[in-house]
Structures are given as structure tokens and as C-alpha cells.
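Letters A, B, ... are given to chains in the order of the sequence lines, protein chains preceding strands, and every chain is numbered from 1.
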Protein chains: 2
Amino acid sequence: MELTQARREILEAAAACFMEQGFHATSIDVVARRMGATKGRVYHHYQSKVDLFFDVHRLGMALLFDAVEPARQAPGDALQVLAAMMRAHALAMFRHHAFESVVVQGVQLHRFGALTPRQRQELDELIASRDRFEQLFKQQAAAARDAGLLQAPDLSVAVKTLLGGLQWSLIWYRPEIDDSQATQERLADAMVNLLVQGLATRRQGSAAGGQGA
Amino acid sequence: MELTQARREILEAAAACFMEQGFHATSIDVVARRMGATKGRVYHHYQSKVDLFFDVHRLGMALLFDAVEPARQAPGDALQVLAAMMRAHALAMFRHHAFESVVVQGVQLHRFGALTPRQRQELDELIASRDRFEQLFKQQAAAARDAGLLQAPDLSVAVKTLLGGLQWSLIWYRPEIDDSQATQERLADAMVNLLVQGLATRRQGSAAGGQGA
DNA sequence: GTCTATATGGTGATAGAC
DNA sequence: GTCTATCACCATATAGAC
């Protein structure tokens with residue numbers, strides 16, 4: 001995604017507003033006011049509020065892919081790679097909290113009102129990119145299962161539950177209050193460890209306890 | 001919660017609308033239209049849209065407590081009881097999908113605009129009841145940990161991640177499409193099993209594989 | 001490029017007939 | 001108790017000055 005500085009600044013303001021108040025409750029006026037501007041500026045760069053929302057969502061997805069795709073080359077077995085991807089996902093959500101909150105909001109919003117054909121297509125592309133993101137984890141989980149490292153009768157349910165556990169942190173954890181990097185990594189590790197190892201005590205430890213890189 | 005039939009009907013319609021479109025995008029007109037009525041009927045029973053939302057949320061929480069509290073008396077050790085509570089939670093979300101979607105929406109909504117003192121207090125009570133619900137799981141998890149059945153460095157993070165994994169199903173699973181009871185139970189079991197046992201293969205199986213009741 | 005109007009439509013809430 | 005009619009307000013989006 002290439003973005004001018006002007007657009008980037010608008011996206012940051014919009015992401016923060018959408019996160020705090022939600023898409024429908026956010027007016028273009030408050031987005032502009034957050035930048036110390038008026039809505040003329042916003043409408044010069046974006047045709048409509050929906051287009052603005054879509055661009056925030058698009059950047060949010062790009063940031064996720066940028067964080068998770070490198071983790072696929074993490075060292076270790078297939079399960080350790082999956083854990084590294086989950087860890088990268090969690091850290092990216094902390095780092096880009098507002099944008100990723102908007103992504104989750106996009107998942108939940110079924111109706112945006114009437115969309116132009118172009119907007120409809122952009123929405124379809126966003127949905128497709130979310131599917132692709134989930135596929136990243138599903139493929140890695142499949143590899144881990146083929147290697148006998150992973151138990152899951154239904155891989156699709158497992159991955160969705162897993163990502164849900166991570167993504168829920170967008171709601172209860174607010175990185176702006178306590179944003180030490182070490183704290184964030186400890187939190188990410190705690191979530192990943194729970195999801196990989198499970199709640200139940202392991203009497204005889206199997207491998208795959210550590211996260212890669 | 002005592003509810004007249006009239007109020008109950010309004011709540012059902014409102015829950016469906018809030019789920020599909022979100023609080024802000026839902027107009028009282030469409031809630032009324034869903035009942036084949038006009039908004040005069042809604043405003044006769046509810047002073048404002050916020051009050052209506054709060055009542056949907058309140059009923060959603062009541063339904064959750066009604067489902068999970070009995071599960072605390074499930075047979076088995078402390079971890080099996082926790083699993084039974086999770087299973088009950090999942091099934092309650094499937095059963096009352098619209099209401100629980102609204103509850104999750106309530107967690108995310110930070111700002112409702114200006115609230116009267118009474119509304120402010122009702123919101124505080126709703127937040128408190130959500131905390132109480134989480135405490136139910138946290139206490140049970142603590143009991144399981146004291147019994148040596150559960151590993152989790154941070155119980156609070158573990159419970160939040162756990163509930164997040166379950167609650168995410170509100171977004172991707174739509175019970176109205178395929179609502180066979182057996183399917184729902186299989187899905188609930190799959191999620192609970194993943195969260196309790198973890199992704200990683202267990203070479204030597206410890207106990208706590210079955211869900212109670 | 002950014003601003004200040006302003007047109008336009010929709011929504012929460014109320015008043016009062018029936 | 002439920003309806004219709006209406007008010008007041010707010011938000012999206014546009015037009016045009018600077």
C-alpha cells in the first residue's frame with residue numbers, strides 16, 4: 001500500500017475514532033477535529049466515510065500480513081512456526097491497536113448501507129484478504145498436524161477459536177496505558193502458550209514449549 | 001428478570017437488529033417494522049434507544065448466568081467443572097445468538113453519548129455483571145490450579161483468552177443456518193477441547209478429556 | 001489543499017388522535 | 001396501547017471562496 005503522508009495522517013485519526021466510537025457513531029467532523037482540521041480536508045482525500053473505513057481496514061490487514069508472513073520462516077518444527085505466527089499476530093495487534101480494532105469491527109459489520117459497485121468490490125476484496133489471513137494459519141496448522149505435532153478433529157474450528165482467543169485481547173488490553181515492549185511480549189507469550197499447550201496440566205511434557213525468534 | 005410479553009417481543013426484535021446492524025446503525029423504526037408495528041409501540045415500553053439496548057444486554061447476561069451457574073455443580077474434578085461451564089457458555093451463545101452478540105457489542109462500545117444518571121448507573125451495573133461472569137470462570141480456574149490440574153502463569157490472561165476463543169464463535173458461526181442440537185454440541189465440545197487440551201499433541205494423556213453432564 | 005457555508009436526508013423523541 | 005404527524009437535531013456530502 002502506497003500512501004501519501006496526508007492520507008496516512010487521516011487514516012491514523014480515523015482508526016482511533018472508529019475504535020473508540022465505532023463506524024456509525026463516528027462523524028467525519030470528529031475525525032477532522034482530531035487532526036486539528038475540518039472535514040474539507042478529509043473529503044479532499046476520501047470520497048466518503050465508507051471509503052475511509054475501507055482504507056483503514058485495508059491498512060490494518062496489510063500490517064497483519066507484514067507481521068505474520070515473515071514468521072512463517074521462523075526456526076523450529078511446524079508447530080513452533082505456528083506458535084511464532086500467533087505471537088507475531090498478537091504483537092502486531094498490540095502495535096497497531098486502533099487499526100486492528102477496526103479490522104475486527106469490519107468482520108462484525110454486515111451492512112454498510114448502500115454501496116457503489118466499486119465499494120462493493122473493495123469490500124469483497126477485504127473479506128477475501130481476511131480469509132487469506134486465516135488460511136495462512138490453517139495451512140500451517142495442517143502442516144503441524146501432518147507432522148503429528150497437533151491434535152484437532154476439526155482444523156477450521158481450531159484455527160478460528162485460536163485466532164478468536166488472540167483477537168479478543170483487542171478489547172481487554174489497551175496498549176496505550178502500559179506499552180512496555182517486554183510486557184507486550186510476555187502477554188503474547190502467555191496467550192500463545194495457553195492456546196498451544198492448553199489449560200490442562202501436562203504431566204509428561206511434550207516438546208513445542210518455546211516460541212521461535 | 002420479569003418481563004411482560006410485550007417487552008419481550010420488543011427485545012427479540014431489537015436484539016436481532018442490533019446484531020445485524022449494530023447499535024448506532026439501528027433505528028427504532030426498523031425495530032418496530034420487524035414486529036409489524038411502528039415506533040409508537042416501542043416508545044410506549046422504552047423511554048429511549050439506550051434503555052432498550054441496556055435491557056437487551058441485561059437479558060443477554062441473565063441468560064448466560066442461567067446457563068453457566070448450574071454447570072458449576074457438574075460432576076468431575078475442578079477442571080472438568082470448568083470445561084462444563086465453558087461448554088454451557090458456548091451452547092448458551094448459540095441458543096441466544098442475537099442477545100449474546102449484543103452483549104459483546106456492549107463490551108466494545110465505549111461511548112453511548114450523553115447518559116442520564118440513571119442510565120449511567122445501569123451501565124455500571126451491566127459492566128459489573130460482565131465482571132461477575134468472568135469471575136465465575138476465574139474462580140473455577142483458580143480451584144483447578146490449586147488442585148494441580150491446570151497450568152497458567154497468569155490466570156486472568158488465561159481466562160480472558162479462553163472466553164475470547166469461545167465468544168469469537170458469535171461472529172463466525174450462525175446457528176440459524178444449521179441449528180441441529182447435535183451439531184451445536186459437537187462444535188462446543190471441539191472449542192472446549194481445544195482450549196483445555198491445547199493444540200499440541202499429548203504424548204502421554206493426562207485426564208480431563210471429557211466434559212461433564 | 002483547506003476552509004466555510006449549506007443542501008439534503010435521516011433519526012430520536014414527543015404530542016395527541018383513536 | 002398503538003397509531004400518525006411532527007419537531008429538532010445531527011451527519012454526510014457538496015459548492016465554492018481563499
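- Here the P atom of nucleotide D/dT4 and the CG atom of B/Asp29 are 11 Å apart, to the nearest Å.
- When each of B/Lys49 and B/Gly40 is assigned the nucleotide of DNA chain C with its nearest heavy atom, B/Lys49 is the one assigned upstream, toward the 5' end.
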**Request:** Start with the C-alpha gap between A/Glu9 and A/Gln5, add the side-chain angles, then the distance that decides, and say whether side-chain hydrogen bond (donor to acceptor under 3.5 Å, both in side chains) holds.
**Result:** CA-CA 6 Å; A/Glu9 188 188 354; A/Gln5 181 57 36; 5.5 Å; no
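- Looking at heavy-atom distances under 4.0 Å, A/Thr4 makes no contact with the nucleic acid at all.
- Contact footprint of chain B on DNA chain C: nucleotides with an atom under 4.0 Å from a non-hydrogen protein atom, first to last in 5' to 3' order, C/dT11 to C/dT14.
- Here D/dA15 presents its P atom at 22 Å from CZ of A/Arg41, a figure rounded to the nearest Å.
- Between the CD1 atom of A/Ile28 and the C1' atom of D/dT12 there is a distance of 8 Å, rounded to whole Å.
- Ring geometry for A/Phe133 versus A/Phe65: interplanar angle over 60°, hence perpendicular rather than tilted (30 to 60°).
- The side-chain contact (heavy atoms from CB on, under 4.5 Å) with B/Leu91 is formed by just one residue from the set B/Arg95, B/Arg87, B/His89; it is B/Arg87.
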**Request:** Report the C-alpha separation of A/Glu125 and A/Arg132 in whole Å, then their side-chain angles, then the decisive distance to 0.1 Å, and conclude whether the salt bridge (Lys or Arg N to Asp or Glu O under 4.0 Å) test is met.
**Result:** CA-CA 10 Å; A/Glu125 285 166 7; A/Arg132 245 182 351 262; over 6 Å; no
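- Rounded to a whole Å, the OH atom of B/Tyr43 is 18 Å from the P atom of D/dT6.
- Among the heavy atoms of the strands lying under 4.0 Å from B/Ala37 are primed sugar atoms or P, OP1, OP2 only; no base atom is included.
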**Request:** Output, in order, the C-alpha distance, side-chain angles, deciding distance and verdict of salt bridge (Lys or Arg N to Asp or Glu O under 4.0 Å) for B/Glu134 and B/Lys138.
**Result:** CA-CA 6 Å; B/Glu134 192 177 317; B/Lys138 210 161 153 185; 5.4 Å; no
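- Annotation for A/Gln135: atom CD counts as buried by contact number, over 12 foreign heavy atoms lying within 6.0 Å.
- Nucleotides of DNA chain D nearest to B/Ala6 and A/Ser27 differ in position, and the one nearer the 5' end is that of B/Ala6.
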